[in-house]
Visitor: 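Have a look at this one before I ask anything.
Everything quoted here is computed from the prediction, not taken from an experiment.
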Number of protein chains: 2
Amino acid sequence: MLPVHETQTCSVAACAEIVGSKWTVLLVHDLSEGPRRFTELEHSCVGISPRTLAERLRWLESEDIVVRRSYAESPPRVEYELTDKGAALLPLVAEMRRFGHEWLGCGPHEVNPPA
Amino acid sequence: MLPVHETQTCSVAACAEIVGSKWTVLLVHDLSEGPRRFTELEHSCVGISPRTLAERLRWLESEDIVVRRSYAESPPRVEYELTDKGAALLPLVAEMRRFGHEWLGCGPHEVNPPA
DNA sequence: CAGTATCCTCAAAGATACTG
DNA sequence: CAGTATCTTTGAGGATACTG
């Protein structure tokens, strides 16, 4: 993550901060299909540690990209969902996917492979 | 930069690697208007060190995103230019700009901010 | 001009263990 | 289940000085 004054030098750089950190874009894509729970995200982001996932989610929440909804049930349930701002990132993700597919030699369906 | 095996897990993640490192997107955008020389890039990327700029350019070259053209003149002249693959990143940059402009509160004309 | 060569900092991210 | 608490690594990126 860049220091705040750096992020504000231009809209592209600011957006790069969101898009650049390792898991954010994957999380946004994951959440594009609906609310997800902590453990679901943990499983779809193979290799992420709970510490990192929690930190990323907290950061995404602070950026108003996801909302955290906590239900006081037993067992406890927490769900994360994209905000409008988060959903506005989806065309960008799609564009990244397109570029990756077209120029980086990896197909477009790796994130959520059909079971 | 992610280790290679990580970059291949999915097209989005692979693209994130390009788009995520601090200066690449700025450089690509800079080069979108035509070939640029080392010093020109150094000046437009305010704050970048020659070490980092050289490294970034070498990396972009290795990724076939830019071409380096060296002219054996005196004084020496080197120009960097986008490849087709590099140019294919421009819609992505545009999309980042759009998002940044619309949601991150920094305009698309930072070079000439409204007085 | 177009870079290298060194050295250094700092924060992102991982591993592991534990908890309300 | 949904995290927190520590500790550690690692490497991107910066500062500065120098060169073909």
Visitor: Could you pull out all residues at least two apart from A/Val28 that satisfy side chain to side chain contact (heavy atoms under 4.5 Å, CB included)?
Guide: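 With sequence neighbours excluded, A/Val28 shows a side chain to side chain contact (heavy atoms under 4.5 Å, CB included) to A/Ile65, A/Leu82, A/Leu89, A/Leu90, A/Val93, given in chain and number order.
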
Visitor: Which dot-bracket string fits DNA chain C when only Watson-Crick or G-U wobble pairs with both atom distances under 3.5 Å count, crossing pairs get [ ], and | stands for a partner on a different strand?
Guide: ||||||||||||||||||||

Visitor: Taking it one step at a time, do B/Cys15 and B/Leu92 satisfy side-chain contact (heavy atoms from CB on, under 4.5 Å)?
Guide: CA-CA 10 Å; B/Cys15 191; B/Leu92 185 43; 3.4 Å; yes

Visitor: Is it true that A/Arg56 and A/Thr24 share a donor-acceptor pair across their side chains at a distance under 3.5 Å?
Guide: no

Visitor: Round to a whole Å and report the spacing from CG of B/Leu53 to P of D/dT16.
Guide: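 Spelled out: CG on B/Leu53 to P on D/dT16 is 17 Å.
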
Visitor: Find out if a path of hydrophobic residues (ILVMFWY) with successive side-chain heavy-atom gaps under 4.5 Å connects B/Ile18 to B/Val67.
Guide: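 No, B/Ile18 and B/Val67 fall in different hydrophobic clusters.
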
Visitor: Tell me, please, which residues at least two apart from A/Glu102 pass salt bridge (Lys or Arg N to Asp or Glu O under 4.0 Å).
Guide: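 Salt bridge (Lys or Arg N to Asp or Glu O under 4.0 Å) list for A/Glu102, sorted by chain: A/Arg98.
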
Visitor: Can you name the closest pair of heavy atoms from A/Pro91 and A/Ala88 and give their distance?
Guide: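 The answer is CD-O, 3.3 Å.
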
Visitor: By a strict heavy-atom criterion of less than 4.0 Å, which residues belonging to residues 75-83 of chain B are in contact with DNA chain C?
Guide: B/Pro76, B/Arg77, B/Val78, B/Tyr80

Visitor: Strictly under 3.5 Å: I want the nitrogen or oxygen pairs between protein and nucleotides 4-7 of chain D, one per line.
Guide:
from, atom 1, to, atom 2, distance (Å)
D/dT4, OP2, A/Arg58, NH2, 3.2
D/dT6, O4, A/Arg51, NE, 3.4

Visitor: Please assess A/Leu104 against B/Ser11 for the test side-chain contact (heavy atoms from CB on, under 4.5 Å), listing each intermediate value before the final yes or no.
Guide: CA-CA 7 Å; A/Leu104 304 175; B/Ser11 48; over 6 Å; no

Visitor: Measure CZ/B/Arg69 against P/C/dA2 and give the value in whole Å, please.
Guide: 15 Å

Visitor: In whole angstrom, what separates A/His43's NE2 from D/dA2's P?
Guide: 11 Å

Visitor: Would you call A/Glu95-A/Arg97 a salt bridge at under 4.0 Å N-O?
Guide: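 Salt bridge between A/Glu95 and A/Arg97, a charged N being under 4.0 Å from a carboxylate O: no.
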
Visitor: Taking 4.0 Å as the cut-off, does a side-chain nitrogen or oxygen of B/Trp59 come that near to OP1 or OP2 on D/dG13?
Guide: no

Visitor: Roughly how many Å is it from CZ in B/Arg68 to C1' in C/dC1, rounded to a whole number?
Guide: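 That distance rounds to 12 Å.
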
Visitor: Has B/Ser49 got a side-chain N or O lying under 4.0 Å from the OP1 or OP2 atom of D/dG13?
Guide: no

Visitor: Listing request: all side chain to side chain donor-acceptor pair (under 3.5 Å) pairs with a residue in residues 32-45 of chain B, at least two apart in sequence or in separate chains.
Guide: B/Asp30-B/Ser44

Visitor: Which heavy atom of B/Leu31 sits nearest to which heavy atom of B/Tyr80, and what is that distance?
Guide: CD2-O, 3.4 Å

Visitor: Can you tell me the distance, in whole Å, between the CG atom of A/Leu57 and the C1' atom of C/dA13?
Guide: 15 Å

Visitor: To the nearest angstrom, how far is B/Glu42 atom CD from D/dG14 atom C1'?
Guide: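 Spelled out: CD on B/Glu42 to C1' on D/dG14 is 13 Å.
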
Visitor: Could you state the interatomic distance from OG (B/Ser49) to CH2 (B/Trp23), rounded to the nearest 0.5 Å?
Guide: 8.5 Å

Visitor: Nearest whole angstrom, please: distance from the P of C/dG20 to the OH of A/Tyr71.
Guide: 25 Å

Visitor: Rounded to whole angstroms, how far apart are CD on B/Glu17 and C1' on D/dG11?
Guide: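 Atom CD in B/Glu17 sits about 13 Å away from atom C1' in D/dG11.
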
